[in-house]
Amino acid sequence: MSYDWEKLRKEEWPVLETMTFLDAACVSFAPQRTVRAVKEFADMTARQDEANSSAHHIALDDKRHKAYVEAAKLLNADPEEIALVESTSHGLNIAAQGIELNDGDNIVTTNLEFIQVALPWCVIRKEKNIDIRVCKPADERFTAAAFEPLVDDKTRVLVMSTLEWCNGWQSDMKEIGDFCKERGIYLVVDAVQQLGVTKIDTKACHIDILTAGGHKWLNSPYGTGVLYVNKETLPKLKQSYAGYLNTTVPEGGWGAYWENPAAPSVHDWTFPMTARRFEIGGTSNYTGAIALGESLGLVNEIGIENIEAHVRELASYCMDRIEEIGGTLITHRDPGHFGGIVIARLYDDLDTDRMILKKLHARKIFIAQRFTDYVGGFRISCQYFNNKKDIDTMIEGMKDLIKEIGREPDYKG
C-alpha cells in the first residue's frame, strides 16, 4: 500500500522544515494531532462540563482509554494484557519486582544494553545472591544459540532489548521467545527502540513482559509508555502497587462508593487479573496517556506494515550512502534484523568523530553518538517522518567535514 509520507510530514511535523532531524532514538517530536489533543485536555482542566467534581474526575480517568485500545491493537494483544506506565524504566522495575527470585538464581542479559535494562536486577543482587550473566557473542548478533551456553536450570529471566540501541540489531523474538518458553524462563523485553517502527506480534511470539516508553519512536514525549504482560504470566507475578483504581470497581461505580455512608476505610480488596494491576492505581498522568493514545492511533492508522517497509527502505538507503563516503557500518544488514537505527563510524580516532558530530549539530543536522562495551558510533534514526533528503543532507554535511579534515575515513573496527 502506498502512503503519502510527504503530506503526513508537512501536516504533522512542521518542525522538520527547520532542521534535519535524525534522532528519534533519543527523543522525538509529537505530531500536531497529539499537540491538539493535549491542548484540548488543558482546556478541559480549566472548566467542568460534568454534573459535579466526582463525575469530572471520572471523566479525566476515561480520557486514558484510547491509549489502551491502540496499544493492544499495535501489539495484537488482548485488552487485559495492556497497562500504562511512566516509562520503560518504570516497566522494567515492575518486571524485576514482580518475578520472584531466590538465592542461587540467575538472569541473563546482553553486553549491549542501555543501562536501565539490567539496572533493577543489579539492585536486587545487593539483597539476594543472584547471578547476572552477560551474553557477548563475537559477531554482536543475539540469537537463541548465543544465549544457550549461559542458561541452566537456575536461569529465571532473560532480559534484553528487542532492538539494541548501540548497534541496531533487531533480535528474532519468535526464536528467542520459543527458547525461553521451552525452558521455563521469563522473557522480559525493552521494546522502546522498536515499538511503532517494525511489527511486534504478541500472538506470534512468546513474550512474558514488554515495556516501551512513548518518547522515542512513538512520538509521544509526555511521560507515559506501554506495559504488556502476557495473560498466562499475569498470575505468576507479584503485584508492585496497590492503588484503588487497580481494584475491582465497586457496585455502582466510584461515584456511588464515595457517597456511600457505609464505605469502609479497611476492606479485603480484590484486584482483577489484568496488566493494570501493575499500575500505580491513583490519579495518573492524564496528559501523557492522552498524548500516547493519539500517537499510537497514528501508527495504527498508517499501518505498522507500511511504517516498517518505509523505515527499512530509509535505513537501507542510509547504509548505502554511509558506505559511499567511506564510512564503516556497525549495524548488520541481515534481512529482518534491523529497524530504524543505523550505527556507523568514520574515523578510528574517536575525537575526530566527536568533532564531526558537534559540527553537524551546529548545522542543525541532528544525529547522536552512542556506545556500550566499546560498540557503537554515530547513531542515525530513520523514523517514518524522515525522507531520503534528510539522509542526503546529513551525508553532504559529513562529506564537507571529511574535506575539511583532509583525509579519508579510516575506521576499520
Is there side-chain contact between Val35 and Val38, with at least one heavy-atom pair below 4.5 Å?
-> no
Evaluation steps, side chain to side chain contact (heavy atoms under 4.5 Å, CB included), between Glu294 and Ser220 | CA-CA 9 Å; Glu294 290 299 315; Ser220 187; over 6 Å; no
Any donor-acceptor N or O pair under 3.5 Å, side chains Gln170, Thr198 = yes
Give a yes or no on whether a salt bridge exists between Lys231 and Asp78, defined as a side-chain N under 4.0 angstrom from a carboxylate O.
-> yes
Quick one: are Thr143 and Ile176 in side-chain contact, heavy atoms under 4.5 Å?
-> no
Check: Phe338 main-chain N/O paired with Arg312 side-chain donor or acceptor under 3.5 Å = yes
Mind checking the CG-CG spacing from Leu298 to Leu8? Nearest 0.5 Å is all I need.
-> 6.0 Å
Is Glu305 salt-bridged to Lys199, cutoff N-O under 4.0 Å?
-> yes
Would you name the heavy atoms of Asp208 and Thr233 that are closest together and state the gap between them?
-> OD1-OG1, 2.6 Å
So, do Trp13 and Tyr384 have ring centers that fall under 6.0 Å from each other?
-> yes
Do we see a donor-acceptor contact under 3.5 Å between the side chains of His56 and Glu50?
-> yes
Cationic N near anionic O, under 4.0 Å, Arg333 to Asp320 = yes
Interatomic spacing from CZ in Phe366 to NZ in Lys364 - rounded to 0.5 Å = 5.0 Å
Test of ring centre spacing under 6.0 Å for Tyr244 and Trp269 | no
Would you please classify the geometry between the Tyr3 ring and the Trp5 ring as parallel, tilted or perpendicular, with 30° and 60° separating the classes?
-> tilted
Could you pull out the closest heavy-atom pair between Thr211 and Ser87, with the gap in Å?
-> OG1-O, 3.9 Å
Geometric cation-pi criterion, Lys388 with Tyr317: 6.0 Å, 45° | yes
Below 4.5 Å, heavy atoms only, C-beta onward: do Val159 and Ile107 meet side chain to side chain?
-> yes
Asp373 (side chain) donor-acceptor with Leu112 (main chain) under 3.5 angstrom = no
May I ask you to check whether over 12 heavy atoms, not counting those of His361, lie within 6.0 Å of atom NE2?
-> yes
Exam field: side chain Lys128 to backbone Leu101, donor-acceptor pair closer than 3.5 Å | yes
Do Leu245 and Asp61 come within less than 4.5 Å of each other through their side chains, counting heavy atoms only?
-> yes
Check against side chain to side chain contact (heavy atoms under 4.5 Å, CB included), Leu75 and Asp201 | CA-CA 5 Å; Leu75 286 164; Asp201 186 340; over 6 Å; no
Any Lys/Arg nitrogen of Glu6 or Lys10 sitting under 4.0 Å from an Asp/Glu carboxylate oxygen of the other?
-> no
Would you call Lys389 and Glu396 a salt bridge, taking side-chain N to carboxylate O under 4.0 Å as the test?
-> no
Are the ring centres of Phe278 and Tyr241 closer than 6.0 Å?
-> no
Please assess Asn93 against Gln116 for the test side chain to side chain contact (heavy atoms under 4.5 Å, CB included), listing each intermediate value before the final yes or no.
-> CA-CA 9 Å; Asn93 271 279; Gln116 183 60 53; 3.5 Å; yes
Taking only Lys NZ, Arg NE, NH1 and NH2, and the carboxylate oxygens of Asp or Glu, determine whether Arg47 and Asp43 approach each other closer than 4.0 Å.
-> no
Do Glu113 and Thr110 meet the criterion of a side-chain donor-acceptor pair at a distance under 3.5 Å?
-> yes
Beyond-backbone contact of Arg370 with Trp165, side-chain heavy atoms, under 4.5 angstrom | yes
Mind listing the closest non-hydrogen atom pair of Pro149 and Ala146 along with its distance?
-> CD-O, 3.4 Å
Does the pair Thr20 and Asp390 meet the rule for a side-chain hydrogen bond (donor to acceptor under 3.5 Å, both in side chains), with working shown?
-> CA-CA 6 Å; Thr20 299; Asp390 291 332; 4.7 Å; no
State whether a side-chain donor-acceptor pair under 3.5 Å links Asp190 with Thr88.
-> no
Under a 4.5 Å cut-off applied to non-hydrogen side-chain atoms, are Trp217 and Leu195 in contact?
-> no
Keeping the roles fixed (side chain from Arg9, backbone from Phe385), state whether a donor-acceptor pair exists under 3.5 Å.
-> yes
So, Glu40 and Arg36, do they make that salt bridge, N to O below 4.0 Å?
-> no
Can you tell me how far CD1 of Ile341 sits from CG of Leu22, rounded to the nearest 0.5 angstrom?
-> 12.5 Å
To the nearest 0.5 angstrom, please state how far the CG atom of Asp334 sits from the CG atom of Asp172.
-> 11.5 Å
Indicate yes or no: at least one non-hydrogen side-chain atom of Leu360 is less than 4.5 angstrom from one of Ile367.
-> yes
Closest heavy-atom contact between Thr224 and Leu84?
-> CG2-CB, 4.2 Å
Is the side chain of His90 donor-acceptor paired with the backbone N or O of Gly213 at a distance under 3.5 Å, no angle test?
-> no
State whether the number of non-hydrogen atoms from other residues, nucleotides or ligands found under 6.0 Å of Glu127 atom CD is greater than 12.
-> yes
Do Thr202 and Asn76 have side-chain atoms, one donor and one acceptor, less than 3.5 Å apart?
-> no
Closest heavy-atom pair and its distance - Lys216, Cys26 | NZ-O, 2.8 Å
Do Arg141 and Glu164 meet the salt-bridge criterion of a basic N to acidic O distance under 4.0 Å?
-> no
Rounded to the nearest 0.5 angstrom, the NZ-SG distance for Lys174 and Cys205 is 8.0 Å
Would Gln383 and Asn219 count as having a side-chain donor-acceptor pair, cut-off 3.5 Å?
-> yes
Check: Thr155 main-chain N/O paired with Asp152 side-chain donor or acceptor under 3.5 Å | yes
Using a strict cut-off of less than 4.0 Å between a Lys/Arg side-chain nitrogen and an Asp/Glu carboxylate oxygen, indicate whether Lys181 and Asp178 qualify as a salt bridge.
-> no
With under 30° as parallel and over 60° as perpendicular, where do the rings of Trp258 and His57 fit, or are they tilted in between?
-> parallel
Pi-cation contact, Tyr68 with Arg276 (under 6.0 Å, within 45°) = yes
Are any of the side-chain nitrogens in Asp62 or Arg64 under 4.0 Å away from the carboxylate oxygens of its partner?
-> no
Can you name the nearest heavy-atom pair linking Ile343 to Gly168, along with the distance?
-> CG1-N, 4.1 Å
Side chain to side chain, Trp121 and Leu119, heavy atoms closer than 4.5 Å | no
In sequence, state the C-alpha distance, the side-chain angles, and the governing distance for Cys122 and Ile132, and then conclude on side chain to side chain contact (heavy atoms under 4.5 Å, CB included).
-> CA-CA 8 Å; Cys122 292; Ile132 300 177; 3.9 Å; yes
CG-CZ distance between Asn246 and Arg277, expressed to the nearest 0.5 angstrom | 8.5 Å
